[in-house]
There are 2 protein chains.
Amino acid sequence: MFLQIEPQSDVPIYMQLTQQIIEGIASGQLKPGEALPSVRSFAADLGVNMHTVNKSYHELEKKGIVRIIPKSGAVVAGPNELGATDVQLQQVEQMLRPVVAEGLVIGLGEQDLQQLMQKLIKNLS
Amino acid sequence: MFLQIEPQSDVPIYMQLTQQIIEGIASGQLKPGEALPSVRSFAADLGVNMHTVNKSYHELEKKGIVRIIPKSGAVVAGPNELGATDVQLQQVEQMLRPVVAEGLVIGLGEQDLQQLMQKLIKNLS
DNA sequence: CGATTTGTTATAATATATATAGAACAGAAT
DNA sequence: ATTCTGTTCTATATATATTATAACAAATCG
């Protein structure tokens with residue numbers, strides 16, 4: 001996997017990891033059922049600490065995006081278990097809310113926002 | 001202004017403030033040109049520290065949403081100065097990106113996401 | 001003008017979050 | 001049986017968040 005970590009960013013490393021793994025899944029570079037690298041090897045690749053990768057994996061598990069098999073590893077959730085739970089939908093809505101609000105305030109209309117989203121969807125798929 | 005601060009939240013207080021003020025502007029409860037409460041009185045109302053409110057105001061200024069008049073106060077930016085700068089648009093896009101990615105991963109389609117956004121726009125306006 | 005209010009600045013203290021390091025352990029994989 | 005896995009623990013360093021005071025100069029108001 002080809003991902004870029006910026007230690008200087010205001011976004012914590014473990015979050016950068018989480019987001020880029022999610023983008024990797026969205027774009028199909030990571031397929032459902034596929035195993036993620038071990039926390040140790042991944043950490044070595046990225047030049048970060050093992051625990052930082054581990055934290056990201058557990059955040060992904062909390063989001064219901066990966067399944068962690070104890071003492072074994074992390075696996076991208078399959079489409080069966082990846083079912084857009086009410087909780088997950090609510091989470092995305094909660095994330096989207098401040099973004100939409102700020103967009104509206106700086107003068108974006110419904111069409112602008114829809115267009116921006118469409119652009120991102122194409123860019124991520 | 002009627003806003004709810006949750007000190008226990010994982011979202012920092014100053015960010016909660018920032019987001020809710022933005023929502024207040026989006027919904028018209030706060031009008032362009034209107035002055036925000038003084039950092040002291042607002043802090044007293046909310047039961048938080050003066051500096052926490054001050055931090056939120058400066059974050060809003062950085063976003064180009066309010067204008068800070070030195071030694072005087074913070075004012076909601078007018079529609080003239082609130083012009084959807086390229087920088088601001090890029091910022092919103094950067095905020096939107098991980099949200100869309102996560103939405104796609106949990107199985108939401110373009111229509112689902114558009115619908116969710118539409119719902120939020122109505123809810124915020 | 002005089003008093004109050006304003007943001008600003010500085011210092012300090014505390015708590016939490018982030019990140020790294022090293023070690024040890026028990027279960028899984030080979 | 002050996003290696004690899006996540007897990008757990010201790011420890012440390014840094015950054016962020018929040019509160020608490022205090023003081024100051026500029027703006028505001030009576």
Side-chain angles (χ1 to χ4, degrees), chain A residues 1 3-22 30 33-77 81 95 98, chain B residues 1 3-22 30 33-77 81 95 98:
Chain A
M1 226 186 327
L3 58 178
Q4 187 64 24
I5 296 299
E6 297 179 26
Q8 306 272 28
S9 169
D10 59 329
V11 181
I13 297 178
Y14 79 96
M15 279 192 194
Q16 292 182 44
L17 251 176
T18 299
Q19 289 175 4
Q20 293 191 35
I21 290 172
I22 289 177
L30 275 173
E34 190 174 344
L36 294 178
S38 80
V39 291
R40 279 183 177 85
S41 65
F42 209 0
D45 277 0
L46 299 171
V48 301
N49 191 271
M50 177 188 65
H51 299 103
T52 306
V53 178
N54 197 45
K55 191 172 181 178
S56 170
Y57 282 6
H58 277 85
E59 198 190 17
L60 286 164
E61 187 195 29
K62 197 174 164 190
K63 286 176 180 291
I65 292 175
V66 311
R67 183 165 35 92
I68 290 182
I69 306 172
K71 313 277 183 186
S72 172
V75 176
V76 179
E81 24 186 358
M95 290 172 67
Chain B
M1 224 184 331
L3 60 178
Q4 188 64 25
I5 296 299
E6 297 179 25
Q8 306 272 27
S9 170
D10 59 330
V11 180
I13 297 177
Y14 79 95
M15 280 193 193
Q16 294 182 44
L17 251 178
T18 299
Q19 289 175 4
Q20 294 192 33
I21 290 172
I22 290 177
L30 277 173
E34 190 174 343
L36 293 178
S38 82
V39 292
R40 280 184 175 87
S41 64
F42 209 178
D45 276 0
L46 298 170
V48 301
N49 192 271
M50 176 189 66
H51 299 101
T52 305
V53 177
N54 197 44
K55 192 173 182 179
S56 170
Y57 282 7
H58 277 87
E59 198 190 17
L60 286 164
E61 186 195 31
K62 197 174 163 189
K63 288 177 179 289
I65 292 175
V66 311
R67 182 166 37 91
I68 290 183
I69 306 171
K71 313 278 181 182
S72 171
V75 176
V76 179
E81 24 185 1
M95 289 172 68

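Here is the naming used below: chain letters follow the sequence lines, and residue numbers restart at 1 for every chain.
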Given atom [atom1] of [X] and atom [atom2] of [N], what is their separation to the nearest angstrom?
X	N	atom1	atom2	answer
B:Arg40	C:dT4	CZ	P	14 Å
B:Asn49	C:dA15	CG	P	16 Å
A:Gln16	C:dA19	CD	C1'	13 Å
A:Phe42	C:dT20	CZ	C1'	18 Å
A:Tyr14	C:dA19	OH	C1'	11 Å

Taking all non-hydrogen atoms of both residues, which atom of [X] and which atom of [Y] are closest, and how far apart?
X	Y	answer
B:Leu30	B:Leu36	CD1-CD2, 3.8 Å
A:Tyr57	A:Ile68	O-CD1, 3.9 Å
A:Gly64	A:Ala77	O-CB, 4.1 Å
B:Val11	B:Met15	CG1-CB, 3.8 Å
B:Ser56	B:Thr18	OG-OG1, 3.0 Å
B:Val66	B:Ala74	CG2-CB, 4.5 Å

Inset, instruction - Answer yes or no: is there a side-chain heavy-atom contact under 4.5 Å between B:Leu3 and B:Leu46? - result: yes
Inset, instruction - Please tell me if the side chains of A:Leu17 and A:Leu60 come closer than 4.5 Å, counting only heavy atoms from C-beta onward. - result: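 The answer is no, as the side chains (C-beta and beyond) never meet within the 4.5 Å cut-off.
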Inset, instruction - Would you confirm whether A:Gln16, through its side chain, and A:Glu6, through its main-chain N or O, come within 3.5 Å as a donor-acceptor pair? - result: yes
Legend entry - Nucleotide range of DNA chain D lying under 4.0 Å from chain A heavy atoms: D:dT5 to D:dC9
Legend entry - B:Gly73 vs A:Gly47, nearer the 5' end of DNA chain C by closest nucleotide: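 Result of the comparison: B:Gly73.
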Legend entry - Gap separating the CG atom of A:Asn49 from the NZ atom of A:Lys55, nearest 0.5 angstrom: 11.5 Å
Inset, instruction - Please round to the nearest 0.5 Å and tell me the distance separating atom NE2 of A:His58 and atom NZ of A:Lys63. - result: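 Here the rounded value is 15.0 Å.
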Between protein and nucleotides 28-30 of chain C, what N or O pairs are separated by less than 3.5 Å?
| residue | atom | partner | partner atom | Å |
| --- | --- | --- | --- | --- |
| C:dA28 | O4' | A:Lys71 | O | 3.4 |

Inset, instruction - Check each residue of residues 51-63 of chain B for a non-hydrogen atom within less than 4.0 Å of any atom in DNA chain C, then write out the ones that pass by number, or none. - result: B:His51, B:Asn54, B:His58
Legend entry - Contact nearer the 5' end of DNA chain D, comparing A:Ile68 with A:Asp10: A:Ile68
